[in-house]
Amino acid sequence: MKNISIRLIGGALVILVFRLAYLSLLARKDNVFEDLVVIGCFLALILALLFYLYSLWIRKKARSLNFLFHLSLTALFVVFFLNETWTESGYIPLLEGESVSHYLDKNKIRHPLPFSMQCLDFKLETFPGTFRTKSFVSKLKIGLDNQEQLKELRVNSPITIKNYKLFQSDHGLEINPNHWIKISVDFGNQKDTFYSKIGDTTRLRDGTLFSVLDFSPSLASKGEQIYTFDPDSLLNPACLIRLASNFSNSDQGWVMASQLDGKKVGHINIKIDDIWGLEYTVISVIRAPFNLVVIFLSLLTAGLGALILVRNKKCSHKN
């Protein structure tokens, strides 16, 4: 058993070294200790070490086994205590287009992050045929070690960067002067696409004045009445458009983004292609001194130590 344990330790160390080198240098993984191969190597090392100790001490060194078990149990409690005491946690409210390199704690005090983060886009996903939120996704640009990475953060699918675990936790709506609305217009014989803002007026090619008078994040209609059913979510955004050849002759109407073929207002078919800069995402941030892998290995070590100790006691009683 001793020789088998030594060979197992050597093999696990060789695989572990090569795997860590590959993940760190070639694959450039953020957290190599969450890789399944790395976890398996650590488990193999612990098992081999315990079998080695078992072969040496099972009958002659009962006191050493007892000490090892209590030492691993003490280490487990220390890990839990340090995690509870030193865990960093907070949140990041981030508008589309905004970039930050800090998070806020529960007292709204800023704490620096070892990377920067920019929200490139935020999208709500709804169940087909409804306006009920299914999920929401943040498209992020991460600045780390003079390099940029593109990440997607989804609900229940956290990402880890420099041991900081990021969760998609909330979202909202905020009137931001840096927003834009992408609009397509069809005159019948020609089409055009341009960007506008709430309150802006644009002169089209045929001389028509195109104005975005108002905006609703979640528009619904009941009979002739138009109302907003959720002011904090961009579920069914719509713009109130006015077309004017002159100020005495104008047409206006609400155009919704959900109208995929657009809507005709006056003599022009209008379609809203995209709306950007009005939504913000809320990202939760957690960083623990020891991750789940370390806790799991501590539990496994204590459990196997207890198993060997009990078995040793039974052998002692038989003798």
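Computed from a predicted structure; not experimentally measured.
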Cluster overlap Leu95 with Ile181, hydrophobic side-chain contacts below 4.5 Å: no
Rounded distance (nearest 0.5 Å) linking atom CG of Leu153 with atom CG of Leu94: 10.5 Å
Nearest heavy-atom neighbours spanning Gly97 and Gln118: O-NE2, 3.2 Å
Set of side chain to side chain contact (heavy atoms under 4.5 Å, CB included) partners for Ser101, sequence neighbours left out: Ser116
Lys182 NZ: over 12 foreign heavy atoms closer than 6.0 Å: no
In one Ile/Leu/Val/Met/Phe/Trp/Tyr side-chain cluster, 4.5 Å: Val100, Tyr280: no
Nearest heavy atoms of Ser196 and Ile183, plus distance in Å: CB-CD1, 4.2 Å
Closest non-hydrogen atom pair between Thr133 and Phe127, with its separation: O-CE1, 3.6 Å
Any residue meeting salt bridge (Lys or Arg N to Asp or Glu O under 4.0 Å) with Glu98, in chain and number order, not counting sequence neighbours: none
ILVMFWY cluster, Val137 and Ile283 together (side-chain gap under 4.5 Å): no
Pairwise side-chain contact, Cys239 with Ile272, heavy-atom cut-off 4.5 Å (strictly under): yes
Set of residues satisfying side chain to side chain contact (heavy atoms under 4.5 Å, CB included) with respect to Pro93, sequence neighbours excluded: Tyr91, Leu104
Separation between CG of Leu166 and CZ of Phe115, rounded to the nearest 0.5 Å: 5.0 Å
Those residues that, when tested against Asp192, pass salt bridge (Lys or Arg N to Asp or Glu O under 4.0 Å) (two or more places apart): Arg205
Lys197 and His179, any side-chain heavy atoms less than 4.5 Å apart: yes
Linked, directly or transitively: Leu113 and Ile142 (ILVMFWY side chains, under 4.5 Å): yes
Ionic contact status for Asp214 with Arg242, cut-off 4.0 Å: no
Distance, nearest 0.5 Å, that separates CG of Asp186 from NZ of Lys191: 5.0 Å
Pairing residues for His267 by the ring pair (Phe, Tyr, Trp, His ring centres under 6.0 Å) criterion, not counting sequence neighbours: none
Atom pair CD1/CZ of Ile159 and Arg154 - distance to nearest 0.5 Å: 12.0 Å
Would you list the atom pairs, donor with acceptor, under 3.5 Å between side chains in residues 167-176 and any protein atom, with sequence neighbours excluded?
from, atom 1, to, atom 2, distance (Å)
Gln168, OE1, Ser138, OG, 2.5
Gln168, OE1, Thr281, OG1, 3.4
Gln168, NE2, Asp170, O, 3.3
Gln168, NE2, Thr281, OG1, 2.6
Ser169, OG, Val282, O, 2.9
Ser169, OG, Ser284, OG, 3.2
Asn176, OD1, Asn178, N, 3.2
Asn176, ND2, Gly277, O, 3.0

From OG1 (Thr208) to CG (Asp251), nearest 0.5 Å: 9.5 Å
Separation of Ile161 CD1 from Gln149 CD (nearest 0.5 Å): 6.5 Å
Flag, side chain of Gln190 to backbone of Phe187, donor-acceptor distance under 3.5 Å: no
Min side-chain heavy-atom separation Thr202-Val212 under 4.5 Å: no
Exercise: identify the closest heavy-atom pair between Cys119 and Leu140: CA-CD2, 4.0 Å
Nonpolar side-chain network containing Trp276, other nodes, edges under 4.5 Å: Trp180, Tyr195
Stepwise side chain to side chain contact (heavy atoms under 4.5 Å, CB included) test for Lys162 and Asp145: CA-CA 11 Å; Lys162 284 287 187 179; Asp145 298 331; 4.1 Å; yes
Minimum heavy-atom distance Trp254-Lys263, with the two atoms named: O-NZ, 2.9 Å
Residues that Asp105 engages under salt bridge (Lys or Arg N to Asp or Glu O under 4.0 Å), provided they are two or more places apart: none
Remaining members of the apolar cluster that contains Leu120, side-chain heavy atoms under 4.5 Å: Leu150
Cluster check Val185, Phe215: I/L/V/M/F/W/Y, side chain < 4.5 angstrom: yes
Which residues share a side chain to side chain contact (heavy atoms under 4.5 Å, CB included) with Ser184, sequence neighbours left out: Thr193, Lys271, Asp273
Sub-4.5 Å side-chain heavy-atom contact between Ile241 and Ile268: no
Less than 3.5 Å apart, which donor and acceptor atoms pair up between the side chains of residues 226-233 and the rest of the protein, not counting sequence neighbours?
from, atom 1, to, atom 2, distance (Å)
Thr228, OG1, Ser216, OG, 2.7
Asp230, OD1, Asp232, N, 3.2
Asp230, OD2, Ser233, OG, 3.3

Where Pro114 and Tyr164 come nearest, the two heavy atoms and their spacing: CD-CE1, 3.4 Å
Beyond-backbone contact of Phe122 with Leu234, side-chain heavy atoms, under 4.5 angstrom: no
Heavy-atom side-chain proximity of Arg287 to His111 below 4.5 angstrom: no
4.5 Å side-chain heavy-atom contact, Lys139 and Glu152: yes
Residue list, salt bridge (Lys or Arg N to Asp or Glu O under 4.0 Å) with Arg110, at least two apart or on another chain: none
